[in-house]
Amino acid sequence: MLKYIISSVFTLLMTFSVMAQNDSIVNDSIRYAQKYGLRLGGDLSKITKTIIDDDYTGFEINADYRLSKNLYVAGELGTEERTKSNEFLNSTAKGSYIKGGIDYNMYKNWFGMENMIYSGFRLGASSFSQTINSYTVYSTNQSWPQTTNLDGTEFKGLTAIWSEIIFGLKAELVNNIYVGFNVQLKARITEKEPANFENIFIPGFGRTYDSGRFGIAFGYNVSYLIPLYKKGN
Amino acid sequence: MKYFKLSIFILLITTVIMFSCEKDDICAETTSTTPQLILRFYDILDQEDTKTVTDLIAYGLDDNNEVVVFDDLFITTTDSLVIPLRTEVNFTRIVLHKDYDIDDNGTPNDDTDDIVLGNTDVINVTYQREDVYLSRACGYKSVFNNIAVSIDSDISNWALNSEILIANITNENAAHVKIYH
């Protein structure tokens, strides 16, 4: 599933970068005032995944505010619930998160266009709980019947803080409506882990890996710009 | 065409990344999971020396006294045995069957008149279970704390006494229980 989302994201990303370069007439003589304002949106990939994946529920709203020609303050607010299961362990993580930081536009637009290819930084924090729905005691010798425990232990009050580097694209599809894709590379700074268990999934961070503190996630956003004022280049 | 090639390249890279993540979902064979009980047989007369038990086979007894055959255990002459413990209750009943043989009454093709020979002793192992988290792939293992061992008395016990070497079974690095015979 993740592979499918990733491939769609990249295919679409390529399509948009082609579009961005094809149309546009260069006209240096006209001074064009760029729009400044608050851009509000949501993550469509989380909504899509909520619909198609029974083990996932997620919702995220995001916003950015343009400070200067290339600099934006940006943030996300969301909730996620994720059930992970295999033959031996079934657990659910549930909670909400907030992320804040900046986006820097690295793309030099053609005349009259306000697209972004950007890099950004975020600090994220999550408050969540984890529930062990069931586990089967792992025995290599299965002569005796296997023992499955359904006690449903819940670990509340878990937290995590992480940093993110974001690479992404935002393109103005029609007037003031933007679509965007981004890749988030994450590193946990600190986390509160449950006793005799671990954080399998952290809302906002995503799944964790045995290999260490790093994680990766993708976003597919649609947003609307509330123009507040215009300013020349 | 250039973008097409680039897309393929990026797709390949992400596939490799995704594939390399999959190892988290497989419980590595090297993981120390639920430990088994290790019995070591010693000489009752010279208690420092190990002593082999001839033609020994072990099997479990369930709650209905039905025989539970252990995987990977065969009739053998040995001075040690590795036995799986029950992870759903706080005890395991084990039959140690010495000098195991079958008298086929001179009819090798007819097993209805066969007689099982040998000397069976039943040992009871009791313990407190504790489930310890391993990893997302392996889940939990059970460890067995404060083990106690008793040998059922019968007409002709060959296993005469027992001694606990390690009371908390958390690994399979050394023998946990001595059986004297």
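Letters A, B, ... mirror the listed sequences (proteins, then strands); counts begin at 1.
- Between chain B and the options Pro145(A), Ser91(A), Ser139(A), Ala195(A), the largest number of non-hydrogen pairs under 4.5 Å is found for Ser139(A).
- Of the two parts of Tyr135(A), only the side chain, counted from C-beta on, holds a non-hydrogen atom closer than 4.5 Å to a non-hydrogen atom of chain B.
- The backbone N or O of Asp55(B) lies less than 3.5 Å from no partner atom in the side chain of His97(B), so there is not a single donor-acceptor pair.
- Proximity to chain B involves both the backbone and the side chain of Asn196(A), based on heavy atoms less than 4.5 angstrom apart.
- For chain B, no part of Asn90(A) is nearby; none of its heavy atoms comes within less than 4.5 Å.
- Note that Arg207(A) lies in the cation-pi zone of Tyr209(A), set by a 6.0 Å cut-off to the ring centre and a 45° limit from the axis.
- Side-chain N or O atoms of Thr50(A) include one that pairs as donor or acceptor with a backbone N or O of Gly58(A) at under 3.5 Å.
- For the pair Val53(B) and Leu96(B), the minimum side-chain heavy-atom distance is 4.5 Å or more.
- Only the side chain of Thr92(B) has a heavy atom closer than 4.5 Å to any heavy atom of chain A.
- Val68(B) touches chain A through its side chain: at least one heavy atom from C-beta onward sits under 4.5 Å away, while N, CA, C and O do not.
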Checklist entry - Given the rule in the side-chain contact (heavy atoms from CB on, under 4.5 Å) test, do Asp43(A) and Glu76(A) qualify, once you have shown the distances and angles that lead to the verdict? => result CA-CA 9 Å; Asp43(A) 189 334; Glu76(A) 290 84 17; over 6 Å; no

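- Ring geometry, Phe201(A) versus Tyr56(A): the interplanar angle exceeds 60°, so the pair is classed perpendicular (tilted spans 30 to 60°).
- With a 4.5 Å cut-off on non-hydrogen atoms, Leu85(B) touches chain A through its backbone but not through its side chain.
- Taking Asp62(B), Thr87(B), Leu134(B) one by one and counting their heavy-atom pairs under 4.5 Å with chain A, the maximum is reached by Thr87(B).
- The choice from Ile200(A), Asn149(A), Thr140(A), Val137(A) that makes the most heavy-atom pairs within less than 4.5 Å of chain B is Val137(A).
- Interface residue Val69(B): only backbone heavy atoms are found under 4.5 Å from chain A.
- A centroid separation of less than 6.0 Å is found between the aromatic rings of Tyr140(B) and Tyr133(B).
- When heavy atoms are compared at a cutoff of 4.5 Å, Thr208(A) approaches chain B by way of both its backbone and its side chain.
- Using cut-offs of 30° and 60° on the angle between ring planes, the pair Tyr97(A) and Trp162(A) is tilted.
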